[in-house]
Amino acid sequence: MSFNLAIRNVKKSYRDYAIYFLTITFGVCIFYVFNSIESQQSMMALSENEAIALKQLNRIMGGVSVFISVIFGFLILYANRFLLKRRKKELGIYMTLGMERRDISKILTMETILVGILSLFTGLILGILLSQGLAVVTAKLFMAKLTTFSFIFSFSALMKATIYFGIAFGLVTVFNACTIGRHKLIDLIYAEHKNEKFKSPHLVLSVCLFILSVACLVIAYWMILKYGFSRSDRFWISISLGCVGTFLFFFSLSGFFLKLISQSKRIYLKNLNMFVLRQINSKINTTYVSLTLVCLMLFVTICAFSSGIGTANAITQELDDKLPYDASYSIEIRDQKSSEHTQDFDIHLIAGFEEQGVNFERFAKQYVEVKYYDPKVTFHLMYEGEDFDYMPWAIRLSDYNALMDMQGKPALTLDDDEVIINSNLAVIEEMEESLKSEIAHHSEILINDRTYQTDLQSLQQNQLRMTGFSLITLIVPDTAIDGMLITSNDLNINYIAETELYEEIAMAAFINADFTKVIEDTGEDGFSISYETKIKAFEGSRISSALVAYLSIYIGIVFLIIAAAVLAITQLSEASDNAHRYGLLRKIGTDQKMIHKALFTQIFVYFGVPLFLAIVHSVIGIFVANDLVKELGRLDMGKDSIITAVIIFVVYGSYFIATYLGSKNIVNRKMI
Amino acid sequence: MDGILQAQHIIKYYGNKNNITKALRGISFDVNAGEYVGIMGASGSGKTTLLNCISTIDTVTSGRIFIGGKDITTLKQNELSKFRRDELGFIFQDFNLLDTLTAYENIALALTIQKINPTEIDCKVKEVAEILGVTDVLSKYPTQISGGEKQRVASARAIITNPSLVLADEPTGALDSKSARILLVNFQKLVSEINATILMVTHDAYAASYCNRILFIKDGEIFNELFKGDNTRKEFFNRIIEVVSLLGGDDHDVI
């Protein structure tokens, strides 16, 4: 009997369940899609490294999914609470008819399971379909070819989704049972009336709080713009102020506007303005917490989308400039203090490799060995508002020109007393500026007791190294090097052709050649050997950009759905609470158009205001994040902002429309 | 006198072919401007159905209703709400004030939905509030005032638009006797002072005794009609009681 009742209840209240159902379906779908990444590799040709990376990516997604599923769990509980609230009277009637609490719990459990199974099933099917499409995106991110089309199905993702969402539904069941057990019959039957407790608003208080909230937000913005991420204490103060400000903003907003607009009778008494304002204000006591959460979630979404996708793009885009050679091998002296050792330290990489049987001709078109030295020069630079000293390296003009030759760039000439500075600081504006002013003020550089000239016009901006950072390099006449200590010995190679084949030969050669022993023989310690190849670096960056992109899309979409769902649920439950008010408007002759307009305005405000504040937050946030991302590479915010806007517009917009139509339905249904 | 309302042979059936409830079986009557007409009848006699039909909230099965010369049974949905807005005033048993609005705003609401120029609203609200004696509670919310005051605020909302006809559905039903008396006196005042036309449904003989004329309804038909004429209210009340006892059934409600 109770099973039939449960089915009938679900059928009957499908309108109420619609948003609940949709949200869980979306949730399951997204959850499945992002957990099934690993199984996509059957569809594409991946290198061994990439396959491992994909596995890694899957593991990280799995970790994040735990967090996501907890959030979804809360959403399901929240949605369920609203559904239950609307049905208290119905449950009360069951009880007056003599049904036991146990039986009622049973009905509710069955309803939950029914909706749960239905949405889980739909969500999984959608997820499985969508994951086929995502494979194409993954392939693109990894720049891998799609080999064969094969149907992708991840059993582990399926199990995970089932188990995680199963737990959430289990919690809902327990929660429902508790609710039924706790409430008195009289509370259930008169639940409708209980909801309508009305508190008269304290408008003056609202105005004060609103001003306070704006002050909080302004201070928070100012702090984060001034200090960015550099000062963690200030950063957290700014974040906390932002949260408090957002909270107060929603707490006081409607009261503030009510007070403000009611000052002008002309606007206040026009059409249904008064009604709508009062309507929004009356519910603010129950909604400001959810509005705050919605706003913060939208903020996360916007930031995740725009900077996430942007970062992912920046990582790949800028890589080309940072990888001037096909392969590079370097021995770097890390411990500059053991100078007495380095004094005589000299090593010949090419000769050394050849001695160990490496035949460069087999894979290299060009191979150049260059050395970097410590000229004992100090630049005073600025970074994040603080001074710091930077000690550049020096390179012989002839070595530099050899590198430029490899990169296909023109050679330089130097006078005997001239030095040219090469800088890779462009990404960090502040340092670049401080370097320029340093050069402008001190055009003379003292190296080995000899004065050299330099100027701003000659400043070069080339990438010299691939295995490590050298932000500033002095290009000095060959003779100036005498007596300087070696800091690094680099071997740069361009392959005969940029293919996996030569890469493999080169890698094998590098790995077999054991330079550690050679160096140890010279009695040197505190050095590091590193090698990097263009192909490997691209692979690595594709992996990290895929990771960043997926993480941000995953978290962004989940937060967006949750934010929209919370709003939709709140609004729908409000619409049914308010139906009698709209019914009264209709009775006294308000025409349909005006009522719909009022309803639209009300819902629009609820959806629009959190989005508006979230956008303001995000503009500031992205502005700050931009500085950070810029160090990785240039960021094309324009395109990403459009993509972000489109995604938000579609998802948020459809929830908005669904909510409006649903509310209109409820209001019209109960009108007469 | 002008005829404000003409009801011509109104029939209202509910249900389907197999199960018909005949709520109204052909009711005809006229109401003139400035009249205060009561409709009495036992529960289930069809008086609320009649009021719903007149107020355009429900439609008739057959028959015609003219209000201010306009046949409301032929109006379309959009015209209906416009008609309700401009020609009718409503007073409900449970007040139906919006709890989110102050008394002032509740009264003003009736004007704002007519898209009246906001500058005119203020003095109109105060004027009407003065007549009904609710000036003191204008800035309060419905939850902060008494039932009697609520009903008078609702009455103010009903008449502020100068409707052709005010429809009151058991307006004293939720009031204590003192508040009810004040309200009824106020209704009389509206009729005499601003020439309002009121049609009031009630099953309370005391409330009905304030009217000029009573229509008695039984089983969907007009059973009797009483005019107050030159009677005092007491005499009129006694005559009403006589009819009510004839009607039967409902006399336990009589005070």
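Naming convention: chains lettered A, B, ... in sequence-line order (proteins, then strands); numbering from 1 in each chain. Computed from a predicted structure; not experimentally measured.
Note that the CG atom of B:Asp99 and the CZ atom of A:Arg278 stand 11.0 Å from one another [nearest 0.5 Å]. If you take CD1 on A:Ile588 and CG on B:Asn96, they are separated by 9.5 Å, rounding to the nearest 0.5 Å. Here the OG1-CE distance, from B:Thr112 to A:Met594, works out to 6.0 Å after rounding to the nearest 0.5 Å. Between the CZ atom in A:Arg586 and the CD1 atom in B:Ile57 there is a gap of 10.0 Å [rounded to 0.5 Å]. Atom CD1 in B:Ile121 sits 11.0 Å away from atom CZ in A:Arg266 (nearest 0.5 Å). Atom CG in B:Asn117 sits 10.0 Å away from atom NZ in A:Lys270 (nearest 0.5 Å).
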Run the side-chain contact (heavy atoms from CB on, under 4.5 Å) test on B:Arg85 and A:Thr590 for me, step by step, so that the C-alpha distance in whole Å, both residues' side-chain angles and the decisive distance to 0.1 Å come before the verdict. CA-CA 6 Å; B:Arg85 191 185 75 195; A:Thr590 317; over 6 Å; no
Decide yes or no on side-chain contact (heavy atoms from CB on, under 4.5 Å) for B:Leu109 and A:Leu272, but give the supporting numbers first. CA-CA 8 Å; B:Leu109 185 68; A:Leu272 285 177; 3.9 Å; yes
Determine, step by step, whether B:Thr100 and A:Arg581 satisfy the side-chain contact (heavy atoms from CB on, under 4.5 Å) criterion, reporting the C-alpha distance in whole Å, the side-chain angles of both residues, the deciding distance to 0.1 Å, and the verdict. CA-CA 9 Å; B:Thr100 50; A:Arg581 295 199 183 120; 3.6 Å; yes
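Ranked by heavy-atom pairs shorter than 4.5 Å toward chain A, the options B:Ile116, B:Leu98, B:Leu80 are led by B:Leu98.
No part of B:Leu88 comes within reach of chain A, as not one of its non-hydrogen atoms sits under 4.5 angstrom from that chain. Proximity to chain A is absent for every atom of B:Phe83, based on heavy atoms less than 4.5 angstrom apart.
Taking both residues in full, the closest heavy atoms of A:Lys587 and B:Phe90 are given as O-CE1, 3.1 Å, listed atom of the first, atom of the second, then distance.
At least one side-chain heavy atom of A:Leu584 sits less than 4.5 Å from a side-chain heavy atom of B:Phe92.
Residues of residues 153-174 of chain B that come within less than 4.5 angstrom of chain A, heavy atom to heavy atom, are B:Arg157 in numerical order.
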